[in-house]
Amino acid sequence: PGAMDDLRKLCASETHAGRLAALKTMLFARNVPYVVEKVRPRTAFVIPQPPDGRNVLVTVGKGPRDIVISAHYDAVTLGDGSLSRGAVDNGAAVVTLVRVAQTLRTMKLNSRVRILFTDKEEAGGLGARRFASAHQKEPIMAAIVLDVVSSGSAVYFCPSGPSPEPAVRQPLKWGSDERLGKMVEDVCGEQRKDVLVLLDGPRELLGRIGGVGSGGGLRAVVSLEIRG
């Protein structure tokens, strides 16, 4: 099936369990092995307890350090208790990442790539928090997060170093990640994409994964395509 067919099946699900089943079907159809890790949103202040979530993790390649590529597959629960279809947020990214996993399995890689489909993102990033906690000793050198993939030509970059600027366009300020930032700038220039450096919003998102690795010095790129 094509990407749009997969997206329709994912978004037709009326429950998070249905979205998980649709994701598993996509991976199985492409012979991509995966493991499922439980996400337990236990809190003493909520009765009844919210249901457990499930992260789906694909591992490709071998190497001394890891690269994490992540997208959340859960969707927003609406005011009436029903589930939004979540095509842009974040079904399109999930369908894209499934194909990334399939392609990477045919390539010779110098690093291990962990392709992570997180649950409970709409409940406070609990799936990413769970992964960060469970894998904190792993040598992760970079993370790429796909979120709100739709259309457009914007790539958002979140440097790991501090900066007083809230957000900047040209001239780009890369903080402590100048080498990685310049690479992003060159690639986006070749593909005629704009680059916006974000120093606050995505940092919170990636911070849940960013604590993984030595010294918390994770270099992180957030890649989004947004309408407009």
Side-chain angles (χ1 to χ4, degrees), residues 6-7 9-28 32-60 66-78 81-98 100-101 112-140 142-149 158 201-213 216 218 220 222 224:
D6 282 345
L7 183 59
K9 292 176 182 176
L10 180 68
C11 297
S13 304
E14 297 183 354
T15 64
H16 286 118
R19 291 177 76 90
L20 173 61
L23 169 58
K24 289 180 176 180
T25 298
M26 281 187 266
L27 293 170
F28 180 79
V32 177
Y34 61 85
V35 297
V36 176
E37 299 182 340
K38 185 178 292 187
V39 180
R40 294 183 174 178
R42 300 306 185 195
T43 172
F45 304 102
V46 177
I47 299 176
Q49 291 288 337
D52 291 341
R54 299 290 188 276
N55 286 345
V56 177
L57 181 62
V58 175
T59 302
V60 182
D66 292 354
I67 298 172
V68 177
I69 311 176
S70 176
H72 73 89
Y73 70 86
D74 61 315
V76 173
T77 300
L78 303 176
S82 64
L83 196 67
S84 71
R85 297 309 180 190
V88 173
D89 184 17
N90 194 34
V94 171
V95 170
T96 299
L97 197 51
V98 166
V100 170
R112 186 171 69 163
V113 179
R114 313 300 297 275
I115 299 170
L116 175 65
F117 301 90
T118 63
D119 197 0
K120 301 289 184 179
E121 192 272 348
E122 302 293 357
L126 297 180
R129 291 178 186 272
R130 195 278 178 193
F131 178 84
S133 175
H135 300 270
Q136 58 183 309
K137 294 183 179 181
E138 295 180 1
I140 298 176
I144 302 171
V145 177
L146 278 68
D147 201 359
V148 195
V149 174
C158 179
R203 183 184 303 282
E204 180 181 355
L205 171 68
L206 281 164
R208 294 156 192 163
I209 298 177
V212 182
L218 177 68
V222 188
L224 306 89

Within-4.5 Å side-chain heavy-atom neighbours: [X] and [Y]:
X: His72; Y: Asp89; result: yes
X: Val56; Y: Leu27; result: yes
X: Lys24; Y: Arg54; result: no
X: Val32; Y: Val98; result: no
X: Glu14; Y: Arg19; result: no
X: Phe117; Y: Val58; result: yes

Flag, side chain of [X] to backbone of [Y], donor-acceptor distance under 3.5 Å:
X: Asn55; Y: Val39; answer: no
X: Ser133; Y: Arg130; answer: no
X: Asp52; Y: Lys38; answer: no
X: Thr25; Y: Ala21; answer: yes
X: Thr118; Y: Gly127; answer: no

Summary of salt bridge (Lys or Arg N to Asp or Glu O under 4.0 Å) pairs that have at least one residue in residues 66-77, sequence neighbours excluded:
Asp66-Arg112, Asp66-Arg114

Can a donor-acceptor pair be found between the side chains of His16 and Glu122 at a distance below 3.5 Å?
no

Between CG on residue Leu78 and CZ on residue Arg85, distance to nearest 0.5 Å:
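Leu78 CG to Arg85 CZ: 9.5 Å, rounded to 0.5 Å.
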
